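Notes follow the structure.
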Amino acid sequence: MEVGVNMMLDYLNDKQKEAVLQKDGPLLILAGAGSGKTSVLTAKVAYLIKERGINPKNIVAITFTNKAAKEMKQRIINEVGSIGYDIQISTFHSFGLRIIKENYEKLGYQKNFTIIDSDDSLTLIKKILKDMSIDATRYNPKFIKSQISSAKNEMVTPEKYSKLVNDDISDITYKVYKKYQDTLLRNNSLDFDDLLVMPIELFVKHPGVLQQYQEIFKYVFIDEYQDTNEAQYILSKMISAKYKNICVVGDDSQSIYSWRGANFKNILNFEKDYKDAKVILLEQNYRCTKTILDAANSVIKNNVQKKDKKLWTNNEKGEKIKYVRALDEKDEASFVVKEVQRLKEETSLDEIAVLYRTNAQSRAIEEGFLNSNIPYKIVGAYAFYSRKEIKDLLAYLKLIYNQKDDVSLIRIINYPKRKIGAKTIDNLSMDAVLNGTSMFDVIKSGKELEFKNLILKMKEKSDTLSLTETIDMVLDESGIRKELESEHTLEADIRLENLNEFKSITKTFEEESGIASLEDFLNEVSLVSDVNDEKNDDLPKVTLMTIHSVKGLEFKYVFIVGMEENIFPHINSVEEKDGLEEERRLCYVALTRAKKKIYLINALRRTLFGRTSVNMPSRFITEIDKELIEMNEKKNISVNEIKIDKSKMFNDDNNLKVGDNVIHDKYGPGVVVMIDESIVAIAFKSQGIKKLMKNHKSIKKV
DNA sequence: GCCTAAGTGCTTTTT
DNA sequence: GCACTTAGGC
């Protein structure tokens, strides 16, 4: 339903209105969590179109994630109707892709270029290292990959990089970087970073092209500006350089992607970059209770680097934050499950989220929900598109579309088995490098391989088939289907099922976008990390996800699990100050997702990656004002910690270590949490500490 | 070239 | 704990 602009303004507060009505020129909206940022953006775009008669085609709105882009598109269309489809609303990467697609020749590419994902990019780097006979155990391919990616995002070309070489590893990185870029070009393919870098290169080399885009995109909106990296920053600046109608929205307290090159100083420096910039602070929070907001504020105030702003709310005080210390990750999960079962009576499961720092933590939680039949969905983790069978199929599709794609070719030239071994592949690859072409070009010009005819046949057939039909054809012609069907294992069956699922995705894609070409589909898939499987059923479900992926969302009830030192804050970030501040911002993001109540949970002992560790409670818990938290009190505790005098306890050599399981005939299973010279502290799940001292001899190691 | 077994390394966050 | 790599036998 369309709402009049004036009516829309009625819903906004003074600051929000000011932001919407602010005329042309650079504008920075510092929007705290839950301050109605999206509403303002939506209203501002609607106002431009409806009241100021701006052509929707002259507006570009750039978001950080696909999810955000989709949501913004929907909300704007709700406001302005179908003309909203003319607005370019996309992520930075798909915006970059659009520009590249419109100018591929100028960049030395052919129309049918393909995009490699970060797994493929790592594979390519490993291959280059191997070709160079470099020991991958000495020079970590992942490290080299991240170095190359950072270089690209900072607009450091291989040439520039060569001047920065100052040691062994940077020398190797330079050489790999150079070969990597050469290979991508020969393969007529791009990586994720290129989607940002190439448009900038294009604009530098062809100022005329940039001017055209400046005329098209007279109004530029950038969401989550604190997460922009150097390349994204430059791109935004270039596009808006002529008219300077750049409106950026962000919150420096929610900058959580510095590891990916994001520089939150971009937002801090906006006023320096644009002299006549107007700054508007949105500090009223409509989402959280006072308690939740106070907690978030009390955590974030420990950060040194930040803009001076403080969120406030008129909302009620609300419930205290509940802190629970569980025995281990299973106990942690079972607390969550129990509490969710209780909450289910009063609220929809859609209103509940379980957040964790790392994907690996999801497993225990997932098992908990599985065992108790609580519907849940995991967002993020194990992307559908990164499954082996899907990647294999995609490699065929990519190769059919772009035969120069060596990465895809190597993946499938011998899958299913065709008696083509490492030797043949190496020779092909070497010939390709020598001739400056691709491996398939080498095959085409002489090599008698059945594989050549297979791909050419598939290519020919695909020209007359729909997308979904093409997939069926590929599965049959390649022998993948036969291979999997003959296996008769559970694993193979699941793979077949996933391939069928893939077909239903392409079917939906075809229906949604009319006639879908292979090109459109491959582009779409490359830029989307995961499928939204929500269409399968609309049953309410608990949402499980990482804190990174929850940004921008809100839930009534939020469980944050793994609130332990070395988990959150993560062990890799506690060393440096910047890293820790980012973890703290991450915590701020997590806390401000909750509308009604937060649960903070940790475990005394945790098994992660096959190793058991005992962690202290997260420092972030202690940073929250005490009166906002309902601590472990006897009535609701999950775990009791008990200190026992060693001399009274051992009459034999029990050799207890921290993390050991012990059992007490009366108090049941427990865990050793601390040992010093005279005292052993043990945590029991049961209650009633008082009498324990007298019965301590019945503690046994198990 | 293929297969298996054993060994190794690696585990933050994502477009 | 698991995925990926490697060595060695066929």
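Per chain, numbering begins at 1; letters A, B, ... match sequence-line order. Quick caveat, the model's predicted, so the values are computed rather than measured.
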Open item on the list: From C-beta outward on A:Lys142, which listed nucleotide comes closest to its side chain: B:dT11, B:dT12, C:dT5?
Closed with: B:dT11
TODO: Could you tell me whether A:Ser94 contacts a base, only the sugar-phosphate backbone, or nothing, with contacts defined as non-hydrogen atoms closer than 4.0 Å?
DONE: nothing
- [ ] Enter the distance from A:Asn303:CG to A:Leu580:CG here, rounded to the nearest 0.5 Å.
- [x] 7.5 Å
- [ ] Report yes or no: is the cationic atom of A:Lys152 (NZ for Lys, CZ for Arg) closer than 6.0 Å to the six-membered ring centre of A:Tyr180, at no more than 45° off its axis?
- [x] no
Task: Residue whose nearest DNA chain B nucleotide is more 5′ - A:Leu586 or A:Asn414 - done: A:Asn414
Polar atom pairs between nucleotides 4-9 of chain B and protein, under 3.5 Å, N or O only, would you list them?
none

Open item on the list: What's A:Thr424 touching, base or sugar-phosphate or nothing? Going by heavy atoms closer than 4.0 Å.
Closed with: sugar-phosphate
- [ ] Determine the interplanar angle of the A:Tyr376 and A:Phe369 rings, folded into 0 to 90°, and report it as parallel if under 30°, tilted if 30 to 60°, perpendicular if over 60°.
- [x] parallel
Open item on the list: At less than 4.0 Å, is any side-chain N or O atom of A:Lys417 found next to OP1 or OP2 of B:dC3? Yes or no.
Closed with: yes
Task: Passing candidate, side chain to side chain donor-acceptor pair (under 3.5 Å) with A:Asn615, options A:Glu564, A:Arg606, A:Glu565 - done: A:Glu564
TODO: State whether A:Asn66 places a side-chain N or O below 4.0 Å from either non-bridging phosphate oxygen (OP1 or OP2) of B:dT15.
DONE: no
TODO: Output the single nucleotide from B:dT15, B:dT12, B:dC2 whose closest atom is nearest the side chain of A:Ser118.
DONE: B:dT15
Task: 5' precedence on DNA chain B between A:Phe64 and A:Lys419 (nearest-nucleotide basis) - done: A:Lys419
Task: Candidates B:dT13, B:dC2, B:dG1 - which lies nearest the side chain of A:Lys423 - done: B:dG1
Task: Contact list for DNA chain B against residues 565-572 of chain A - heavy-atom distance below 4.0 Å - done: A:His570, A:Asn572
- [ ] Please lay out, stage by stage, how A:Thr114 and A:Tyr401 fare under the test side-chain contact (heavy atoms from CB on, under 4.5 Å).
- [x] CA-CA 8 Å; A:Thr114 41; A:Tyr401 178 65; 3.7 Å; yes
Task: Interatomic distance at P, C:dC4 relative to B:dT13, whole Å - done: 16 Å
Open item on the list: Can you confirm if the NZ or CZ of A:Arg585 lies within 45° of the ring axis of A:Phe264 and under 6.0 Å from the centre of its six-membered ring?
Closed with: yes
Open item on the list: Would you say A:Gln88 and A:Arg98 are linked by a side-chain donor-acceptor pair, where the criterion is simply a distance under 3.5 Å?
Closed with: yes
Task: Any A:Thr546 side-chain N or O less than 4.0 Å from OP1/OP2 of B:dT14 - done: yes
Open item on the list: Under 4.0 Å, heavy atoms only, any strand: does A:Phe92 hit a base, just the sugar-phosphate, or nothing?
Closed with: nothing
Open item on the list: On the side chain of A:Trp259, is there an atom forming a donor-acceptor pair with the base of B:dT12 - under 3.5 Å, no angle test?
Closed with: no
Task: Basic-acidic side-chain contact under 4.0 Å: A:Asp252, A:Lys265 - done: no
Open item on the list: From the set B:dC3, B:dT13, B:dT15, return the single nucleotide nearest to any side-chain atom of A:Thr65.
Closed with: B:dT15
Task: Mutual orientation of the aromatic rings belonging to A:Phe568 and A:Phe620 [parallel < 30°, tilted 30-60°, perpendicular > 60°] - done: perpendicular
Task: A:Lys145 NZ - B:dT13 C1' separation (whole Å) - done: 13 Å
Task: side chain to side chain donor-acceptor pair (under 3.5 Å) against A:Glu483, all qualifying residues, sequence neighbours excluded - done: none
Open item on the list: OP1 or OP2 of B:dT13 versus the side-chain N and O atoms of A:Ser549: is any pair under 4.0 Å?
Closed with: no
Open item on the list: B:dG1, OP1 or OP2 - any side-chain N/O from A:Arg418 closer than 4.0 Å?
Closed with: no
Open item on the list: Rounded to whole Å, please give me the gap between CD in A:Glu524 and C1' in B:dT15.
Closed with: 13 Å
Open item on the list: Please report the distance, rounded to the nearest Å, between OH in A:Tyr415 and C1' in B:dG1.
Closed with: 18 Å
